[in-house]
Amino acid sequence: MAVTVVGSIAFDAVKTPFGEREKMLGGAAVHFALAASFFDEVRVVGPVGDDFGEAEFEVLRTRGIDVSDIERVPGETFFWAGEYGWDLNTRETLDTRLGVFETFEPKLSQAARDSDVLFLANIQPDIQRAVREQCTGARFAALDSMNLWIDIARDSLVSAIGAVDCLVLNDAELKQLTNMPNTVKAAREILSWGPPAPNAVIAKQGEYGATLITAGDYFSLPAFPLEDVVDPTGAGDTFAGGFVGYIAANGGNGGDEQVLRRAMAYGTALASFNVEEFGTERVARLTGDEVAARVQELERVTNFTDAPVTLRS
Ligand code: AMP
């Protein structure tokens with residue numbers, strides 16, 4: 001079993017009310033891979049530029065991530081700069097430089113093509129589709145995207161969504177994509193697009209958690225209650241890494257609601273570590289025991305079945 005991920009491999013410049021970093025390792029595929037590596041073998045597909053050094057590769061290798069599908073090409077690594085508002089709920093993108101992604105045409109190794117689980121992390125939808133087409137045997141595929149691609153490449157994004165089992169977007173993006181003002185309605189609209197269409201939609205809701213919507217069911221978890229959040233960059237990708245990684249390790253094609261629910265819990269736990277420090281800093285030295293403890297605590301804080309029921313008719 002193995003998970004292949006394609007998406008941005010980046011340098012990020014981030015400013016939050018609690019500090020800033022001018023150039024740190026980031027990117028959707030990187031955050032995803034670090035989280036998913038707690039469950040299964042992970043292969044990262046994508047290009048990096050001349051500026052991507054051994055120290056950055058080492059962060060991935062230390063977690064056992066297979067970097068042989070990362071191509072080094074002349075040019076600059078993808079660069080993103082963003083700044084957060086005072087409560088970290090708003091974020092402004094200050095700069096996006098695609099760099100080596102501008103001309104990237106993915107050619108997956110046989111091992112990556114043979115992966116049984118695939119994650120199309122945030123990047124141009126044309127690249128996501130090209131990878132999906134090379135990895136047709138995957139038993140479970142999921143996709144994340146963002147407002148930029150809904151704005152400038154909507155048709156390509158819609159066809160990419162039609163080729164996966166699960167769509168992961170934030171609330172606002174789901175509403176923007178469907179032009180619907182309600183998250184549940186927007187998700188059910190996407191589920192009805194097919195065939196082919198995903199059979200699960202996850203709405204990421206930042207500090208408020210995440211919601212899973214399937215044709216006949218609904219499940220929601222709050223974010224893990226943290227008092228000190230330092231940098232939310234990559235929280236969504238880390239959530240996806242925990243979610244998809246759990247499904248990779250525990251079988252299935254996303255059709256089992258109970259598997260999806262537990263996967264949500266792992267995604268939530270992993271994401272909560274990611275936001276405690278800048279970039280990949282916290283997750284890079286995380287342990288499996290810490291993840292397990294946080295999932296257990298999440299179960300406790302969301303449980304309300306142990307008290308008696310008194311209800312008048
Ligand atoms: P998140 O906070 O989960 O939305 O993910 C932030 C990560 O996404 C950062 O590490 C960025 O490098 C990366 N990112 C930002 N904008 C883009 C974009 N247009 N395409 C792909 N990745 C991006």
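Just follow the structure's listing: the first ligand is 1, and inside any ligand the first atom is 1.
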Report task. May I ask you to decide if the ring planes of F239 and F243 are parallel, tilted or perpendicular, using 30° and 60° as cut-offs? Result -> parallel
Query - Sole candidate of D116, D114, D66 that passes salt bridge (charged side-chain N to carboxylate O under 4.0 Å, His left out) when paired with R43 - result: D66
Report task. For the pair F119 and F32, name the ring-plane relationship: parallel under 30°, tilted 30 to 60°, perpendicular over 60°. Result -> parallel
Query raised in the report: Can you tell me which residue and heavy atom of the protein come closest to atom 12 (O) of ligand 1, and the distance to 0.1 Å?
Result: D12 OD1, 2.6 Å
Query raised in the report: With R188, which residues qualify under salt bridge (Lys or Arg N to Asp or Glu O under 4.0 Å), at least two apart?
Result: none
Report task. Identify whether the distance between the nearest side-chain nitrogen and carboxylate oxygen of R97 and E76 falls below 4.0 Å. Result -> yes
Query - T16 and D231: side chain donor to acceptor below 3.5 Å - result: no
Report task. Measure the distances from the heavy atoms of F11 to every atom of ligand 1 and state whether one is below 4.0 angstrom. Result -> no
Query raised in the report: Does the distance from a Lys or Arg side-chain N to an Asp or Glu carboxylate O, for R294 and E297, drop under 4.0 Å?
Result: no
Query raised in the report: Looking only at protein heavy atoms, which one is nearest to atom 21 (C) of ligand 1, and how far off is it?
Result: N122 O, 3.0 Å
Query - Selection from M146, R91, H31, K204 by shortest heavy-atom distance to atom 4 (O) of ligand 1 - result: R91
Query raised in the report: Which of the listed options, S8, G7, G82, A10, holds the heavy atom that is closest to atom 13 (C) of ligand 1?
Result: S8
**Report entry** For L148, the ligand 1 atoms whose distance to one of its heavy atoms is below 4.0 Å
**Finding:** 19 (N)
Query - ligand 1 atoms in contact with G27 (distance to a heavy atom under 4.0 Å) - result: 9 (C), 10 (O), 12 (O)
Report task. Taking salt bridge (Lys or Arg N to Asp or Glu O under 4.0 Å) as the test, write out the residues that go with R113, two or more places apart. Result -> none
Query raised in the report: Would W149 count as a contact of ligand 1 if the rule is a heavy atom under 4.0 Å away?
Result: yes
Report summary line: Counting from 1 in the order shown, the ligand 1 atoms closer than 4.0 Å to a non-hydrogen atom of D237 are 1 (P), 3 (O), 5 (O), 6 (C), 7 (C)
Requested in this report: Check ligand 1 against T233 and write out every atom of the ligand that is under 4.0 Å from a heavy-atom position of the residue.
Outcome: 2 (O), 6 (C), 9 (C), 10 (O)
Query - Atoms in ligand 1 flagged as close to G26, the criterion being non-hydrogen separation under 4.0 Å - result: 10 (O)
Requested in this report: Classify the ring geometry between Y266 and Y246 as parallel (under 30°), tilted (30 to 60°) or perpendicular (over 60°).
Outcome: parallel
Query raised in the report: Closest non-hydrogen protein atom to atom 16 (N) of ligand 1, residue and atom name please, with distance?
Result: W80 CD1, 3.4 Å
Report summary line: Among G234, P232, G206, the residue with a heavy atom nearest to atom 6 (C) of ligand 1 is G234
